[in-house]
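What follows is a set of notes on a single structure, which appears directly below.
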Amino acid sequence: MYLYHFGLGELPFTLTPNTNFYLPLAPHNEALAVIYTALQTGEGFIKVVGEVGTGKTLLCRKLLNEIPEHFVTAYIPNPYLNPDELRRAVAVELGVKQAQRMSLQLLTQRIQTRLLELHSQGHSVVLILDEAQALPEDSLEALRLFTNLETETRKLLQVVLFAQPELDQRLAKTEFRQLRQRITFSYKLRPMNANEVQQYIQHRLVVAGYKGAELFPVEICKKIARVSQGIPRLVNVLCHKMLMLAYGQGHYKMTVKLLKAAAKDTESIEAQSKKNMLLFSCLGLSAALIVAYYTLVVKS
């Protein structure tokens, strides 16, 4: 691989969400601030929505690693579970013994008992779901019922949802209005702008141990931002491929040619590029028709 070629200690642009590479850019810091504020005030539901690749799972892991000690967390990374499976998964996370064997009624009682026990010990319990847009509809309702468990002053269980925009589309349905009303704090992750992409690239190189001359010039970073549309995952894919190509050619500096080759080799970017070309050609055709109409009808 290209590690020795560029003097790197580790791969800087892997797709695995690694909190060691976390960069406190505005969108992610703001999302964490919203979550922490909501948790401290004891709100039932908190929602963070972002497009594919905007860093939701990284935020999720950052939250799990740094949440204050008095919080007890139950983490569900894959919530494509029916209500029964969801309850049992939560029970297991909370340390309820033999959760997989007991009846549903007894399980619900044991979960409530465990929540009350943790509350009496001064703990707040947080259920964190990644990829929450995958929750089946009946499981969404079961999730709402979880938050009915409360004392006179505070919810016994708070829920943080990390999801793609499809979750908002589902929650807009009439049957989910009760759940929708309980989401009192929410945040929408935006893509990075050009300056943030440049900071992001340089930061990951430094964390990976790079100490040489500038690898990614400012102008190249701007072009990467435009091609990737500021999506962190796509920035990683492009930069990784550019480093591989540069290593193969014996180069030490990123160029437009390398970026074009990396983009052409990246299916999602190539598909978007073709879509844009089709759109522009349609717009061009429409413009031509308007000009022709104006020439033939209006002027005559």
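The structure displayed is predicted, hence computed values, not measured ones.
The pair K241-D265 meets the salt-bridge criterion, since a charged nitrogen lies less than 4.0 angstrom from a carboxylate oxygen. For the pair K188 and D168, the salt-bridge criterion is not met [side-chain N within less than 4.0 Å of a carboxylate O].
In the model, E93 has no side-chain atom that pairs as donor or acceptor with a side-chain atom of Y75 under 3.5 Å. If you check the side chains of Y187 and H28, you find no donor sitting under 3.5 Å from an acceptor. Side-chain atoms of Q100 and Q98 form no donor-acceptor pair, as typed in the model, at a separation below 3.5 Å. Checking N195 against Y200 by side-chain atom types alone, no donor-acceptor pair falls below 3.5 Å. A donor atom on one side chain and an acceptor atom on the other are not found under 3.5 Å apart for Y22 and N65.
Figure legend: cation-pi geometry between R182 and F45 absent, as NZ or CZ is not positioned both under 6.0 Å from the six-membered ring centre and within 45° of its axis.
Inter-residue side-chain proximity for F13 and R204 is flagged as met; some heavy-atom pair is nearer than 4.5 Å. Residues V34 and V48 have side chains not in contact (no heavy-atom distance under 4.5 Å, counting atoms from C-beta outward).
Ring geometry for Y252 versus F6: interplanar angle over 60°, hence perpendicular rather than tilted (30 to 60°).
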Worked verdict on K62 versus E66 for salt bridge (Lys or Arg N to Asp or Glu O under 4.0 Å): CA-CA 6 Å; K62 183 78 171 172; E66 299 185 0; 2.6 Å; yes
